[in-house]
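Note sheet for the following structure.
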Amino acid sequence: MEQRRMDYHLHTFHSSDGRQSVEDLCESMVLQGVEEICLTEHIEPGHPTEGVDVQPLWDVYKMEIARMNQMYPNLKVQAGVEIGDNPPFRQETLKLLSELDLDFHLLSLHLVNGVDPYDKLRYFTGRSRNAAYREYAEAKAESVMNFGDFDSVAHIGYVAKFSAYTGHERPLRYEDAPDAFDALLKYVIDHDKCIEVNTSGYRAMGELIPDPTILRRYVELGGEQFTLGSDSHCVQDNYQGIERAKEFLRSIGGKYQASYCRRKKTLYRL
């Protein structure tokens with residue numbers, strides 16, 4: 001089983017917060033020797049922040065990816081989506097996904113009971129760290145165990161990325177909600193899904209998302225399959241931290257990195 005240089009969490013101008021063109025993204029990846037990427041543009045049904053619940057123009061998106069695959073024959077470019085799960089809009093989201101015919105579904109959770117931790121003032125005010133982090137962990141577990149139509153679970157620990165807490169208190173660790181994390185991780189393993197290792201944590205807080213304590217628990221429970229993503233929105237962050245993350249995963253017993261085509265998984269050695 002071979003190894004492969006891949007990045008499976010990327011955003012371009014097809015996302016409301018993207019700051020790079022698809023062509024600039026592909027060019028930067030080719031220069032770094034990357035062999036496969038998957039664009040994971042946002043969908044955020046029902047997100048309350050103005051301008052966030054805006055979908056890509058799907059026909060244009062797919063046509064541009066097809067053009068990139070012709071322009072860059074040594075770079076495989078897949079069409080994916082980052083799903084912002086929002087339980088009141090879940091059925092609407094699932095219906096949309098059933099119509100899109102994409103390669104990869106990356107399940108995210110940006111709203112915790114209707115509030116996005118990105119708005120740290122609103123999310124953290126009036127809550128202790130333990131309460132704020134546990135509420136996120138429980139909502140994340142509920143999302144994973146009830147959404148259904150996904151391939152990998154994105155950035156378990158999103159709440160820490162924009163946390164009001166700093167230093168040692170900042171990361172979301174396994175011990176913050178072991179019951180919720182065990183339920184989530186066992187579901188992923190039992191249903192042959194992946195968890196994402198998101199290297200934007202290196203840039204935001206000096207550590208991976210999920211935290212190493214969660215990644216170690218996943219491996220301890222028998223988890224073997226990961227997707228890796230830089231969660232890049234701009235050229236300078238493309239593929240950043242991926243090789244470092246792979247080295248860490250190998251050190252704790254991680255085995256496989258996954259890619260997807262038409263929702264069919266292929267495994268490569270880390």
Side-chain angles (χ1 to χ4, degrees), residues 8-9 11 14-17 38-58 61-62 78-119 122-123 131-162 172 177 179-196 198 209-210 214 225 227 229 231 258 260 262-265:
Y8 258 66
H9 192 153
H11 300 280
H14 291 287
S15 289
S16 61
D17 58 355
C38 186
L39 277 63
T40 51
E41 309 294 2
H42 289 292
I43 59 169
E44 291 283 346
H47 197 292
T49 302
E50 184 177 356
V52 173
D53 183 7
V54 178
Q55 296 179 30
L57 299 174
W58 296 108
Y61 176 57
K62 290 183 179 182
Q78 303 289 52
V81 62
E82 180 180 359
I83 305 156
D85 185 23
N86 185 1
F89 291 81
R90 190 170 285 163
Q91 293 309 308
E92 174 185 320
T93 305
L94 289 166
K95 182 177 184 299
L96 170 63
L97 291 170
S98 72
E99 299 167 351
L100 290 179
D101 191 26
L102 299 172
D103 293 302
F104 177 61
H105 292 180
L106 180 63
L107 181 62
S108 291
L109 183 75
H110 299 122
L111 293 173
V112 181
N113 297 319
V115 181
D116 194 329
Y118 181 83
D119 184 352
R122 185 178 175 202
Y123 184 78
Y133 278 28
R134 171 163 278 280
E135 185 175 353
Y136 166 82
E138 290 177 349
K140 185 71 170 175
E142 187 281 331
S143 173
V144 168
M145 291 189 290
N146 289 286
F147 189 85
D149 190 13
F150 70 92
D151 302 305
S152 185
V153 182
H155 45 53
I156 303 167
Y158 172 81
V159 69
K161 189 173 179 180
F162 307 105
L172 174 71
D179 51 342
F181 289 130
D182 276 356
L184 184 162
L185 297 173
K186 289 175 182 177
Y187 182 93
V188 167
I189 294 166
D190 291 345
H191 290 80
D192 195 32
K193 309 290 188 181
C194 296
I195 63 169
E196 177 193 71
N198 188 301
I209 301 172
I214 298 171
Q225 303 176 55
T227 60
D231 201 350
Y260 288 83
R262 302 294 295 272
R263 308 293 304 285
K264 183 179 180 181
K265 177 169 54 183

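At a cut-off of 3.5 Å, with distance as the only test, no side-chain donor of Asp53 or His47 sits close to an acceptor on the other residue. Side-chain polar atoms of Lys265 and Gln225 form a donor-acceptor pair below 3.5 angstrom. Looking at Glu92 and Asn86, their side chains never bring a donor and an acceptor atom within 3.5 Å of each other. A donor atom on one side chain and an acceptor atom on the other are not found under 3.5 Å apart for Thr227 and Glu196.
The CG atom of Leu97 sits 4.5 Å away from the CD1 atom of Ile43 when rounded to the nearest 0.5 Å. Note that CD1 of Ile214 is 6.5 Å distant from CD1 of Ile156, once rounded to the nearest 0.5 Å. Rounded to the nearest 0.5 angstrom, Lys161 NZ and Asn198 CG are separated by 5.5 Å. Interatomic distance, Leu109 CG to Phe147 CZ, rounded to the nearest 0.5 Å: 11.0 Å. Separating the CG atom in Leu172 from the OH atom in Tyr136 is a distance of 7.0 Å, to the nearest 0.5 Å. Rounding to the nearest 0.5 Å gives a distance of 6.5 Å between CG of Asp151 and NE2 of His105.
Aromatic rings of His110 and His155 (six-membered ring for Trp) have centroids within the 6.0 Å cut-off, being under it.
Closest of all the heavy-atom pairs between Ala154 and Ser108 is CB-OG, 3.2 Å. When every heavy atom of Ala137 is checked against every heavy atom of Ala177, the shortest pair comes out as CB-CB, 3.6 Å. Here the shortest heavy-atom pairing between Ala141 and Ala180 reads CB-O, 3.7 Å.
Under the 3.5 Å distance criterion, the side-chain polar atoms of Asp103 are left unmatched by any main-chain donor or acceptor of Gln78. For the pair Tyr123 (side chain) and Tyr118 (backbone), a donor-acceptor distance under 3.5 Å is absent. Here the side chain of Ser15 pairs a donor or acceptor atom with the backbone of His42 at under 3.5 angstrom.
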Decide side-chain contact (heavy atoms from CB on, under 4.5 Å) for Phe162 and Asp116; before the verdict, give the C-alpha distance in whole Å, the side-chain angles of both, and the deciding distance to 0.1 Å.
CA-CA 10 Å; Phe162 307 105; Asp116 194 329; 5.6 Å; no
Does the pair Lys193 and Leu107 meet the rule for a side-chain contact (heavy atoms from CB on, under 4.5 Å), with working shown?
CA-CA 11 Å; Lys193 309 290 188 181; Leu107 181 62; over 6 Å; no
side-chain contact (heavy atoms from CB on, under 4.5 Å) between Leu102 and Lys62: does it pass, once the steps are laid out?
CA-CA 9 Å; Leu102 299 172; Lys62 290 183 179 182; 3.8 Å; yes
Test log, rule side-chain contact (heavy atoms from CB on, under 4.5 Å), inputs Leu106 and Ser152:
CA-CA 5 Å; Leu106 180 63; Ser152 185; 4.0 Å; yes
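Side-chain contact between Met145 and Leu184 is absent, with no heavy atoms from C-beta onward closer than 4.5 Å. Under the 4.5 Å side-chain criterion, counting only non-hydrogen atoms from C-beta, Val144 is in contact with Val188. Using a 4.5 Å heavy-atom threshold, the side chains of Tyr158 and Pro117 count as touching. Looking at heavy atoms from C-beta onward, His11 lies in side-chain contact with Thr40 at the 4.5 angstrom threshold. For the pair His14 and Leu57, the minimum side-chain heavy-atom distance is 4.5 Å or more. A heavy-atom distance below 4.5 Å is found between the side chains of Tyr61 and Leu39. Taking the side chain as every heavy atom from C-beta outward, Asp85 and Ser143 approach each other to under 4.5 Å. Looking at heavy atoms from C-beta onward, Leu111 lies in side-chain contact with Pro48 at the 4.5 angstrom threshold.
For Phe150, there are no ring-ring contact (aromatic ring centres under 6.0 Å, His included) partners, not counting sequence neighbours. For the ring-ring contact (aromatic ring centres under 6.0 Å, His included) test, residues two or more places apart in sequence or in another chain that qualify with Phe104 are Tyr8, Tyr260. For Arg122, the salt bridge (charged side-chain N to carboxylate O under 4.0 Å, His left out) test picks out no residue, with sequence neighbours left out.
A salt bridge links Glu142 to Arg90: one of the charged nitrogens lies within less than 4.0 Å of a carboxylate oxygen. Under the 4.0 Å criterion applied to side-chain N and carboxylate O atoms, Arg263 and Asp101 are not assigned as salt-bridge partners.
Ring geometry for Tyr187 versus His191: interplanar angle under 30°, hence parallel rather than tilted (30 to 60°).
Heavy atoms of other residues, nucleotides or ligands lying less than 6.0 angstrom from CD of Glu99 number more than 12.
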